[in-house]
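Along the sequence shown, the residues carry numbers beginning at 1. Counting starts at 1 for both ligands and their atoms, following the listed order.
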Amino acid sequence: MIHEYHMTIGGRDASAKAFLDVINPATEDVIGRAPDAGNAELDAAVEAAQRAFPSWAATPWADRQAALVHAAEVINENKEELAQLLTLEHGKPLAEARREMDTSRRWCTSLATLELPVEVVSDENGRRVEVRHEPIGVVAGISPWNVPVSSAIWKILPAVLTGNTIVVKPAPTAPLTVLKIGELLRDVFPAGVINVITGGDALGPLITAHPGFGKISFTGSTATGRAVMASASAGVKRLTLELGGNDPALVFADIDIPDTAAKLFRSAFFNNGQVCVATKRCYVHEDIYDAFLAEMTRLVAGSLVATGTTDGVALGPIHNKAQFESLTGMLDTAKAEGLVLIQPSEIPSGKGYFLAPTLVDNPPEDSQIMQEEQFGPILPLVKFKDTDDVIERANASQYGLAATVWTKNRDLALDVAARLDTGNVWVNEPLAFSPFAVFGGRKQSGLGVEHGLRGLEEFTNSKAVTLNFES
Ligand code: NAD
């Protein structure tokens, strides 16, 4: 008997007329069913969120902070069950699923320390100008499948801390853990503050066109982001778009090769490379290129590709069939272009979307593998000689999400960081997310930011109030 999960609308179980099968990508078996919501369920969720809004917006900030701390406790108490479910529906190693729960819990407690007080711009002779940050209303959160829990939590927390209510829609291929979290949070937040709905490809456009939303917070591909932006324009809805990337790493000749290679291996292959800020192009100084490639090859050869619950697993299956086929298509193109692919790992035979992690040896800049976001366990490494040239090549992309720089030379790192056209630059460490630092993409990698105080502000409308009581 396959378990049917429930949506959360107005603090209660909600279902739909149809269901989506959710597949374990390691076995291709159906492991659960999620409601396939349409207009009726969406309307019900928006109405529940609208009903809950006035009293939640009027709830003192300190009480909303306390609710976030309580949410952290609930996630922690249920961490193991949630992590097991996440691995089952997503494929990622269990250790990474547990880490995703820890990240979500940490975001709850960290955001709970933030405040957006009234800013007093001037206050002289009885005349005072102040800027207030007020909640927008009902927010829609649309999230992707790669880190299903974190990406949903990163929408829920800032929305509700700032006094909004929210309807969240996780991706159709990995909705179950977020549905479960929706159930658990019913004991933490008043009914209607957090609503979780699920559905297939048709539901996203219904959400972005719905007049009940004041803001859309979207994370996903650049192609879908454009559609979201077009649809949201009808109601001039507030928008945050966290989109795709083709992140470069710039590896200079003075680094410690084993140490940097280990960190870059994580940057490129963590979560099977299915990360918006994974390193997707690795520029290595020509003086160390051969030694660096040899070390990366050794690391790839030593990483176990297996089901997410296997002891010592480094890489699970690719999350879904469509992504698996997109990646195998890219590798076929690379082979047809005569590129050198290095695939030293064994992968499980039989069912499951397992793909051998792949290094590509010095492909040309205009090859598909360099130009497009792979979003999988494929890393092209290319040689460079000149700093100005490598910065120009790194910046020559429609994307501008994150970049990493690897050197012992602080002045060089600062100069390169200043010249990279990306929203984030991380020097000598990968994936350096912080709940307190803004995160967002430039160019076609996005619009607006998440995290930190600026991320919170994006869930508010600013209001300047001028009080003149001059006598
Ligand atoms: P996707 O764009 O296919 O889907 C994202 C979400 O949008 C899903 O919930 C999907 O159901 C929904 N959706 C699909 N069509 C829609 C439409 N027309 N209107 C509204 N919603 C719609 O992305 P994905 O395949 O789930 O995720 C991978 C992509 O997400 C990659 O490009 C990756 O780089 C990007 N991503 C970006 C960030 C970031 O913070 N910048 C983080 C994670 C993933």
(request) Starting from the C-alpha separation in whole Å, work towards a yes-or-no answer on salt bridge (charged side-chain N to carboxylate O under 4.0 Å, His left out) for Glu96 and Arg99. (result) CA-CA 5 Å; Glu96 287 179 18; Arg99 209 171 300 134; 5.1 Å; no
(request) I would like to know whether Arg419 and Asn395 meet side chain to side chain donor-acceptor pair (under 3.5 Å); could you show each step before the answer? (result) CA-CA 9 Å; Arg419 293 162 66 192; Asn395 284 338; over 6 Å; no
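Not a single heavy atom of Gly441 sits less than 4.0 Å from an atom of ligand 1. Using 4.0 Å as the threshold, Ser143 has a heavy atom nearer than that to some atom of ligand 1. Using a 4.0 Å cutoff on heavy atoms, Ser151 does not count as a contact of ligand 1.
At a 4.0 Å heavy-atom cut-off, ligand 1 touches Asn146 through the side chain alone. Using a 4.0 Å cut-off between heavy atoms, Ile142 contacts ligand 1 through its side chain alone, with no backbone atom that close. By the criterion of a heavy-atom distance under 4.0 Å, the side chain of Val228, and not its backbone, is placed next to ligand 1. When heavy-atom distances to ligand 1 are checked against a 4.0 Å cut-off, Glu373 comes that close only through its side chain, counted from C-beta outward.
Relative to atom 30 (O) of ligand 1, the option among Gly220, Pro144, Cys276 with the closest non-hydrogen atom is Gly220. In this structure, of Pro170, Gly440, Pro205, the residue bringing a heavy atom nearest to atom 19 (N) of ligand 1 is Pro205. For atom 5 (C) of ligand 1, the choice among Thr224, Asp201, Thr219, Thr240 with the nearest heavy atom turns out to be Thr219.
Residues Tyr283 and Trp406 keep their aromatic ring centres 6.0 Å or farther apart.
Between His451 and Phe433, the ring-plane angle classifies as perpendicular under the 30° and 60° cut-offs. Relative orientation of the Phe324 and Tyr353 rings is tilted, given thresholds of 30° and 60° on the angle between their planes. Aromatic ring pairs are classed by plane angle as parallel below 30°, tilted from 30° to 60° and perpendicular above 60°; the pair Trp154 and Trp107 is tilted.
Residue Ala171 approaches ligand 1 through these ligand atoms, each under 4.0 Å from one of its heavy atoms: 9 (O). Numbered from 1 in the order shown, with element, the atoms of ligand 1 that lie under 4.0 Å from a heavy atom of Trp145 read 24 (P), 25 (O), 26 (O). Within ligand 1, the atoms closer than 4.0 Å to a non-hydrogen atom of Lys169 are 8 (C), 9 (O), 10 (C), 11 (O), numbered from 1 in the order shown. Annotation for ligand 1: atoms under 4.0 Å from non-hydrogen atoms of Gly244 are 32 (O), 34 (O).
Annotation: atom 23 (O) of ligand 1 to nearest protein heavy atom, Ser221 N, 3.4 Å. Atom 7 (O) of ligand 1 has its closest protein heavy atom at Phe218 CE1, 3.2 Å.
The CG atom of Leu179 lies 9.0 Å from the OH atom of Tyr5; values are rounded to the nearest 0.5 Å.
The one candidate from Thr460, Thr240, Asn164 that meets the side chain to side chain donor-acceptor pair (under 3.5 Å) condition with Lys215 is Thr240. Between Glu100 and the choices Arg106, Lys79, Lys92, the salt bridge (charged side-chain N to carboxylate O under 4.0 Å, His left out) rule is met once, by Lys92.
Side chains of Val147 and Thr103 form no contact here, defined as non-hydrogen atoms less than 4.5 Å apart.
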